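One structure is given here, and the rest of the page talks about it.
What you are looking at is a predicted structure, and each value in this text was computed from that prediction instead of being measured.
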Amino acid sequence: MPTRSRFQPLLLGVLALSLIPAGWLAVSRVQFENSEKNVALVMDYPALSQQAKETGQDPNELLLHYKTLGVNGVAVYEDVVASTIQRGQTYFLSGAELAARNPGNTAINPEWSYMTDIVPGVVEKLRARYNFAQNVKPVNIGGKTWFGWPVDPRFLPAGPDTAQIDRLKSEGFVVVYRPYADQRVLNEGADWPDVPFISFTGSEVMGIGNRDPDKLAAIKARLGNRVPTIIENTLQKGLDTLIEDRTAARMFSLNPSWQNSLFPEEVASKYALAARERTQRILYLRPFKTQAETETFLKRFTEQLSRSHITITQPVIRNYEPSSLLRWLSILGPLSALLLLGLSYPLPRLGLIVAGLALLGALGLNGGQPFPGMALVAAITFPSLGLVLRRRRMTDWFVATAFSLLGVLFVSALGTDKNSMLGLDPFSGVGLTLVLPIGLVLLSFLPRQDIRRTAAELYALPIRVGDVAVMVLVAAVFSLAVLRRGNTSSVGVSPAEAKIRQDLQDAIIRPRFKEVFGHPLLLLGLSGVLPGYFTILSLLGGLVGQASILNTFSHFHTPLLISATRAFIGLGAGLVFGYVTVWIARTVLRLWHSYGGWNGGRPALEKSGA
């Protein structure tokens with residue numbers, strides 16, 4: 001039984017007052033997120049050009065066709081020197097080949113590479129870009145000047161194709177420029193075109209590759225008003241430093257090989273999910289192997305965006321900046337809840353020790369930062385608090401759920417800021433939000449007696465083979481639930497479940513299956529239908545559903561209303577399934593203990609309380 005502390009009314013009062021700033025922050029976050037419901041559909045230009053060549057079309061005409069299907073942006077890579085050769089502006093020969101064509105010319109180094117102009121001045125302009133320009137030696141052969149390079153220059157970054165970019169801009173496309181990093185280039189970023197977005201290539205941003213802080217500072221200055229992109233699941237080193245005092249746009253794309261293994265409808269579903277539930281503002285598209293598949297994908301994708309009331313335009317990227325004062329006031333909520341939890345244990349002194357360790361652990365996991373640390377405190381405390389205070393009857397499920405939903409406001413208020421919404425600073429300890437609440441509730445089952453006596457009784461407790469089998473099964477199921485969390489997990493899903501998930505997320509906001517199954521399990525435990533320790537196991541297993549509510553809201557890049565809709569759909573489904581499950585369990589147990597008189601006429605097992 002819980003201890004009713006004399007401080008309970010005071011702590012509940014502080015908790016209620018702290019809901020005011022937390023709720024205010026929730027409203028401001030929703031207003032901000034509602035103003036951000038727009039995206040750009042950006043087509044990869046090299047991939048588009050390849051499809052155009054394979055189908056005998058002009059790339060620009062194909063792009064304009066896709067524009068009628070929703071594409072409003074283009075990703076253009078920085079030119080390389082080979083592009084000037086392909087466009088007929090320069091001519092390239094290896095030193096060995098040039099020497100073979102001009103035998104006896106000792107000025108030719110066969111180990112070098114050589115270029116000459118077709119359009120006057122192009123090679124001279126190129127050589128001035130690199131830090132080895134003094135080694136690029138001119139050689140006069142047959143009246144033409146060939147410039148010798150100590151490296152093969154064909155794959156060196158050569159700056160933007162401004163004519164192409166200006167044409168795309170004049171046609172109304174949002175241009176994302178993708179520069180290459182190369183330490184041999186002088187003044188990287190100095191010739192970037194006037195475009196709204198920059199998306200770096202590789203695993204590091206410019207200035208990090210050679211670990212040069214001054215160079216990174218120069219790149220930061222040269223960004224100007226251009227917004228860098230954050231590529232989903234590819235956090236480029238140095239990007240967090242680059243955007244410390246500016247913003248960035250989240251960008252989503254699929255690996256080409258993975259995309260080609262899926263149907264267009266599946267890919268459309270994934271992109272729509274990214275736009276609707278992960279605040280991805282730049283949706284980086286690549287055409288499928290065929291034009292027909294690409295058209296199917298675009299039509300399905302834009303239909304889903306329209307249903308979600310997401311507009312296709314050039315996004316204006318802003319930072320979310322919550323009030324620090326309101327966040328400090330909101331901290332009182334988790335603190336009072338944690339203190340109330342500790343004081344409500346049958347052994348209050350043990351409860352206070354546990355509460356203190358939980359507080360220190362949460363702050364330690366978050367580097368001593370108060371806001372994310374207290375967000376973690378809220379995420380582990382509120383799912384536990386309701387069940388520690390009351391767990392006598394099925395209606396106590398509503399009390400536990402109410403506390404969990406209150407915790408949502410504090411998790412959002414304290415954990416949401418610019419970096420967490422951009423996915424740069426994920427919630428530390430998010431996995432613990434599914435594990436620690438179970439431990440906190442389990443400790444509340446300790447009897448009100450000397451802890452040493454309890455330990456001795458547990459040690460001497462006889463364990464049967466059936467008990468071991470149940471424990472192994474419970475551990476396996478719980479491990480599966482914990483491992484299968486997040487957008488990517490170490491345990492995959494079956495094709496059938498993947499299809500169900502896709503159909504649900506296309507039709508509605510898909511609830512989390514942990515909640516759909518967890519809530520009925522908790523209701524079953526609170527009903528007292530199950531015999532012996534199965535009631536406790538059902539309670540603890542069902543707690544995963546409550547913890548999952550807080551875990552859902554710990555993904556701060558997901559809009560708050562999306563998470564709320566997901567949670568309430570899960571609660572509604574879980575409540576219905578729960579009452580049905582309790583009825584089925586009662587019916588089955590009644591038949592088990594009465595049918596055929598197998599129990600010798602003995603009365604059915606009495607209900608077990610919690």
Quiz item: CZ of Phe556 to CG of Asn419: how many Å apart, nearest 0.5 Å?
Solution: 12.5 Å
Quiz item: Do any pairs count as a ring-ring contact (aromatic ring centres under 6.0 Å, His included) and have a residue in residues 237-269, sequence neighbours left out, and if so which ones?
Solution: Phe252-Tyr271
Quiz item: Of the non-hydrogen atoms in Leu283 and Ala275, which two are nearest, and what is the gap between them?
Solution: CD1-CB, 3.9 Å
Self-check item: Short side-chain donor-acceptor distance under 3.5 Å, Thr401 and Gln546
Solution: yes
Exercise. Walk me through it: do Ser253 and Arg286 pass the test side-chain contact (heavy atoms from CB on, under 4.5 Å)?
Key: CA-CA 8 Å; Ser253 68; Arg286 293 181 178 88; 4.1 Å; yes
Quiz item: Does any N or O in the side chain of Arg178 come within less than 3.5 Å of the main-chain N or O of Phe200, such that one atom is a donor and the other an acceptor?
Solution: yes
Quiz prompt | Side-chain donor-acceptor pair present, Ser554, Asn551, cut-off under 3.5 Å | solution = no
Quiz item: What do the steps show when you test Val399 against Leu389 for side-chain contact (heavy atoms from CB on, under 4.5 Å), and what is the final call?
Solution: CA-CA 9 Å; Val399 176; Leu389 294 177; 5.9 Å; no
Quiz prompt | Heavy-atom pair with the smallest gap, counting every atom of Thr294 and Thr290 | solution = OG1-O, 2.9 Å
Quiz item: Short question: side chain of Ser330, backbone of Leu326 - any donor-acceptor pair under 3.5 Å?
Solution: yes
Self-check item: Counterpart residues, side-chain contact (heavy atoms from CB on, under 4.5 Å), relative to Glu78 (two or more places apart)
Solution: Arg129, Pro157, Tyr177, Pro179, Tyr180
Quiz item: Should Asn38 and Arg281 count as side-chain neighbours, where that means a heavy-atom distance under 4.5 Å?
Solution: yes
Self-check item: Any Leu285 side-chain heavy atom under 4.5 Å of Leu298 side chain
Solution: yes
Practice problem: Measure from the side-chain N and O atoms of Lys418 to the backbone N and O of Glu244, and report whether any donor-acceptor pair falls under 3.5 Å. | Solution: yes
Quiz item: Hey, does Leu168 have a side-chain heavy atom less than 4.5 Å from the side chain of Leu63?
Solution: yes
Quiz prompt | Residues that Leu11 engages under side-chain contact (heavy atoms from CB on, under 4.5 Å), provided they are two or more places apart | solution = Phe7, Ser336, Leu339, Leu340, Leu343
Self-check item: Test item: Leu550 and Val408 side chains (from C-beta on) under 4.5 Å apart, heavy atoms
Solution: yes
Quiz item: Does a donor on one side chain and an acceptor on the other come within less than 3.5 Å for Asn319 and Thr247?
Solution: yes
Quiz item: Which residue, Val176, Asp44, Val42, Ile165, forms the side chain to side chain contact (heavy atoms under 4.5 Å, CB included) with Val76?
Solution: Ile165
Exercise. Without swapping roles, check the side chain of Gln236 against the backbone of Gly202 for a donor-acceptor pair under 3.5 Å.
Key: yes
Quiz item: For Pro520 and Gly574, which heavy atoms make the closest approach, and how far apart are they?
Solution: CG-O, 3.4 Å
Quiz item: Roughly how far apart are Arg29 CZ and Leu409 CG, rounded to 0.5 Å?
Solution: 11.0 Å
Practice problem: If a pair satisfies salt bridge (charged side-chain N to carboxylate O under 4.0 Å, His left out) and one of its residues is in residues 308-322, list it, with sequence neighbours excluded. | Solution: Glu36-Arg318
Quiz item: Short question: side chain of Arg300, backbone of Pro264 - any donor-acceptor pair under 3.5 Å?
Solution: no
Quiz prompt | Validation row: Lys299, Thr296 side chains within 4.5 angstrom (heavy atoms) | solution = no
Self-check item: Audit row: Ile219, Leu242, side-chain contact (heavy atoms from CB on, under 4.5 Å) steps and yes/no
Solution: CA-CA 8 Å; Ile219 292 296; Leu242 200 64; 4.2 Å; yes
Donor-acceptor contacts, no H, no angles, side chain residues 361-381, under 3.5 Å, sequence neighbours left out:
{"unit_1": "Asn366", "atom_1": "ND2", "unit_2": "Ala362", "atom_2": "O", "d": "2.9"}
{"unit_1": "Gln369", "atom_1": "NE2", "unit_2": "Asn366", "atom_2": "O", "d": "3.3"}
{"unit_1": "Thr381", "atom_1": "OG1", "unit_2": "Val377", "atom_2": "O", "d": "2.7"}

Quiz item: Hey, does Leu575 have a side-chain heavy atom less than 4.5 Å from the side chain of His519?
Solution: no
Quiz item: Do Glu171 and Lys67 meet the salt-bridge criterion of a basic N to acidic O distance under 4.0 Å?
Solution: no
Quiz item: With a 4.5 Å heavy-atom cut-off, do Ser412 and Phe553 have their side chains touching?
Solution: no
Quiz prompt | CA sep, side-chain torsions, deciding dist, call: Leu561, Glu33, side-chain contact (heavy atoms from CB on, under 4.5 Å) | solution = CA-CA 9 Å; Leu561 289 182; Glu33 289 170 340; 5.9 Å; no
Practice problem: Starting at CZ of Phe288, measure out to CG of Leu262 and round the result to the nearest 0.5 Å. | Solution: 7.5 Å
Practice problem: Would you indicate whether Asn225, at its atom CG, is surrounded by more than 12 heavy atoms from other residues, nucleotides or ligands within a distance under 6.0 Å? | Solution: no
Practice problem: Quick one: closest heavy-atom pair of Arg566 and Thr552, and the distance? | Solution: CD-CG2, 4.1 Å
Practice problem: With rounding to the nearest 0.5 Å, note down the distance linking CG in Leu335 to CG in Leu359. | Solution: 6.5 Å
Exercise. Could you tell me whether a side-chain N or O of Lys514 sits under 3.5 Å from a main-chain N or O of Leu434, the two making a donor and an acceptor?
Key: no
Quiz item: Is the Phe301 ring parallel, tilted or perpendicular to the Phe297 ring (thresholds 30°, 60°)?
Solution: parallel
Practice problem: Enter the distance from Arg246:CZ to Ile243:CD1 here, rounded to the nearest 0.5 Å. | Solution: 9.0 Å
Quiz item: What residue pairs, at least two apart or across chains, pass ring-ring contact (aromatic ring centres under 6.0 Å, His included) with a residue in residues 15-36?
Solution: Phe32-Tyr320
Quiz prompt | Test applied, side chain to side chain contact (heavy atoms under 4.5 Å, CB included); reference residue, Leu539; option that passes from Val441, Leu521, Leu522 | solution = Leu522
Quiz item: Of all heavy-atom pairs between Phe403 and Gly386, which one has the smallest distance, and what is that distance?
Solution: CD1-CA, 3.7 Å
Quiz item: Shortest non-hydrogen contact from Thr279 to Arg250?
Solution: OG1-NE, 3.4 Å
Quiz item: Do Glu295 and Tyr66 have side-chain heavy atoms sitting under 4.5 Å apart?
Solution: yes
Self-check item: Flag, side chain of Asn72 to backbone of Leu41, donor-acceptor distance under 3.5 Å
Solution: yes
Quiz item: About how many Å separate CG of Leu69 and CG of Leu64, when rounded to the nearest 0.5 Å?
Solution: 11.5 Å
